[in-house]
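Heads up, the thing below is written out as structure tokens.
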Amino acid sequence: MAKCVLAFSGGLDTLVAIAWLKERRNFDVVALAVNLGQGEDLEELGEIALRAGAISARVEDLRDIFFKDYVANALRALAHYEQNYLLASALSRPLIARELVRVAQEEGATHVAHGCSGKGNDQIRFEAGIAALAPNLKIIAPLREWEYKNREERIKYAQSKRLAMPKPKSGGIRCGYDLNLWGQSIECGALDDAGIAPPEESYTMSVSPLKAPNEPAEVELEFQEGLPITLNGTKMNSADLIEQLNSLAGAHGIGRADIIEDRLIGFKSREIYESPAATTLYAAKRGLEQMVLSRESLQVRDGLAVAYGRCVYNGQWYSELRESLDSFFLRLNQAVSGKVKLRLYKGQATVVSRTSDCSLYQTGTSAYRDQLDSEAAEGFIRIWSMPLAAEAKRKGKK
Ligand code: ARG
């Protein structure tokens with residue numbers, strides 16, 4: 001029998017997909033479950049997959065790789081999509097695609113499968129990633145093919161096959177949650193109506209800013225070449241640092257976003273995000289960059305942060321464009337080292353101080369400024385004003 005490697009999340013859809021691929025499509029199914037910091041019991045996921053009929057289950061802890069090869073690049077770039085989405089879901093799909101390909105090659109599988117629906121961006125990210133890495137692998141998207149029209153029909157099928165029903169996922173309400181160490185995406189269900197505020201139970205990584213402590217907390221982050229290396233003075237592995245920062249900042253209501261987003265596929269959707277650590281790291285890094293990067297570098301980097309975000313969002317991770325942008329940001333971040341203190345208070349992470357050996361801001365210059373040669377200043381202003389004078393003259397002629 002042909003083999004198919006399925007990206008298995010442990011949710012209802014990929015559980016049903018195991019049975020469906022086996023029964024309707026005659027595959028030997030290898031289930032692949034990856035830990036990207038979603039804080040679930042992954043060993044248990046493996047057992048659930050085997051009980052559902054997978055011939056084997058692989059469970060992999062990819063938190064460090066996720067940070068090092070994906071999240072770190074986005075952080076160097078301060079990449080974002082439409083300002084407030086820091087790309088947690090979008091960054092994870094190319095890594096899962098890479099793992100699907102690797103496992104398929106190891107297992108001699110001809111097919112890979114994923115549990116994305118036919119409306120979202122994730123299907124595009126998976127399939128574009130696989131097309132770039134292993135164009136000959138065939139891809140199956142059961143949710144785009146199978147006959148079950150809704151959740152109820154899938155539950156019925158799962159019950160008829162006596163599949164262990166998955167425990168409700170991390171989320172607090174009935175809707176789509178996608179969680180990893182970089183943040184959580186929450187969509188559909190009660191949130192589809194953009195005229196209604198998200199119920200408080202939608203959020204699971206952060207407290208409401210309204211209910212956050214009245215006492216602010218201070219955190220100190222040290223960056224080396226654009227990446228965090230210590231939290232409050234303690235050197236830490238990056239995935240651990242982010243997990244700790246998620247709880248510190250989440251406790252102060254930081255990192256919530258509620259946006260109307262433009263999907264790649266062309267329509268708008270209402271999306272809720274939580275990214276306490278990512279939001280805090282962006283604020284800190286931006287504060288440090290103001291001190292260590294030139295005005296021109298800052299201006300160019302802002303435009304390229306948008307380009308980077310669009311590239312990630314649109315599933316073009318394995319592209320020359322993304323690689324080229326990485327080269328730019330790797331070089332630019334060589335000077336982004338130093339310490340930043342932030343105040344976490346009722347939904348805001350505010351920079352309160354920064355120090356850096358790479359600083360372009362020198363307090364000593366105030367003395368220098370006093371002595372700034374007044375002739376040089378006059379000369380600079382005269383030349384700077386020349387284009388304006390030329391325009392004024394032309395206006396006068398008209
Ligand atoms: N709209 C976001 C994106 O396209 C979030 C996707 C969340 N994925 C999910 N399977 N719930 O990146």
Side-chain angles (χ1 to χ4, degrees), residues 6-17 32-40 45 66 70-71 73-74 77 79-97 100 113-129 139 141-144 151 154 166 168-192 194 198 202-205 255-275 278-279 305-306 308-317 322:
L6 167 74
F8 181 63
S9 73
L12 176 70
D13 290 341
T14 51
L15 188 70
V16 169
L32 169 68
V34 299
N35 180 2
L36 302 181
Q38 66 271 44
E40 279 176 305
L45 280 195
F66 181 44
Y70 297 83
V71 171
N73 305 39
H80 59 86
Y81 185 70
E82 300 185 340
Q83 326 299 338
N84 294 319
Y85 176 32
L86 305 188
L87 303 162
S89 298
L91 286 164
S92 72
R93 292 326 188 254
L95 170 56
I96 302 170
L100 280 173
H114 61 72
C116 304
S117 75
K119 278 177 85 178
N121 297 313
D122 290 328
Q123 51 174 348
I124 304 168
R125 296 173 186 142
F126 272 134
E127 296 182 31
I139 304 168
L143 274 80
R144 290 200 305 250
R151 198 180 150 82
R154 275 168 256 153
K169 294 266 232 128
S170 60
I173 58 168
R174 254 288 291 285
C175 63
Y177 282 87
D178 184 48
L179 171 66
N180 62 50
L181 58 89
W182 203 230
Q184 171 155 260
S185 310
I186 313 166
E187 47 192 16
C188 57
L191 305 172
D192 272 349
S202 322
Y203 299 99
T204 68
M205 294 179 82
R256 290 185 174 191
D258 173 357
I259 64 177
I260 303 283
E261 174 179 301
D262 290 285
R263 286 198 182 166
L264 172 55
I265 228 152
F267 57 82
K268 290 186 184 287
S269 78
R270 202 268 185 97
E271 306 273 337
I272 312 295
Y273 295 111
E274 292 183 281
S275 52
T279 301
V306 175
Y308 203 105
R310 198 185 304 127
C311 183
V312 174
Y313 189 86
N314 290 346
Q316 294 165 316
W317 183 266
R322 197 268 306 162

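Start at 1 and go down the list; that is how both ligands and their atoms are numbered. Values reported hereafter were calculated over all heavy atoms of this structure, with side chains retained and with hydrogens, waters and symmetry mates removed.
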Under a 4.0 Å heavy-atom limit, does [X] contact ligand 1 with its side chain, its backbone, both, or neither?
X    : answer
R125 : side chain
D122 : side chain
Y81  : neither

Contact (N/O only, under 3.5 Å) between [X] and ligand 1:
X    : value
S185 : no
Y177 : no
R263 : no

[X] versus [Y], closest heavy-atom pair with distance:
X    : Y    : value
G315 : A128 : O-CB, 3.5 Å
L100 : L6   : CD2-C, 4.0 Å
L36  : S92  : CD1-CB, 3.5 Å

Among all the protein's non-hydrogen atoms, which is closest to [atom], and how far away is it?
atom                    : answer
atom 11 (N) of ligand 1 : E187 OE2, 3.1 Å
atom 4 (O) of ligand 1  : N121 ND2, 2.7 Å
atom 12 (O) of ligand 1 : Y85 OH, 2.6 Å

Which one of G120, G11, S92, S89 has a non-hydrogen atom at the shortest distance from atom 7 (C) of ligand 1?
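Heavy atom nearest to atom 7 (C) of ligand 1 belongs to S89.
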For the aromatic rings, using the six-membered ring if either is Trp, is the centroid distance between W182 and F66 under 6.0 Å?
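No.
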Would you say the side-chain atoms of [X] pair up with the backbone N or O of [Y], donor to acceptor, closer than 3.5 Å?
X    : Y    : result
Y81  : D262 : yes
E274 : M205 : yes
T14  : G115 : no

Under a 4.5 Å cut-off applied to non-hydrogen side-chain atoms, are C116 and R125 in contact?
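C116 vs R125: side chains apart.
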Which atoms of ligand 1 sit under 4.0 Å from any heavy atom of [X]?
X    : answer
Y273 : 1 (N), 2 (C), 5 (C)
E271 : 1 (N), 2 (C), 5 (C)
D178 : 8 (N), 9 (C), 11 (N)

Is it true that R151 and D13 have a side-chain N and a carboxylate O under 4.0 angstrom from each other?
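Between D13 and R151 there is no salt bridge, as every charged N stays at least 4.0 Å from the carboxylate O atoms.
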Looking at ligand 1, does R93 have a heavy atom less than 4.0 Å from it?
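A heavy atom of R93 does come that close to ligand 1.
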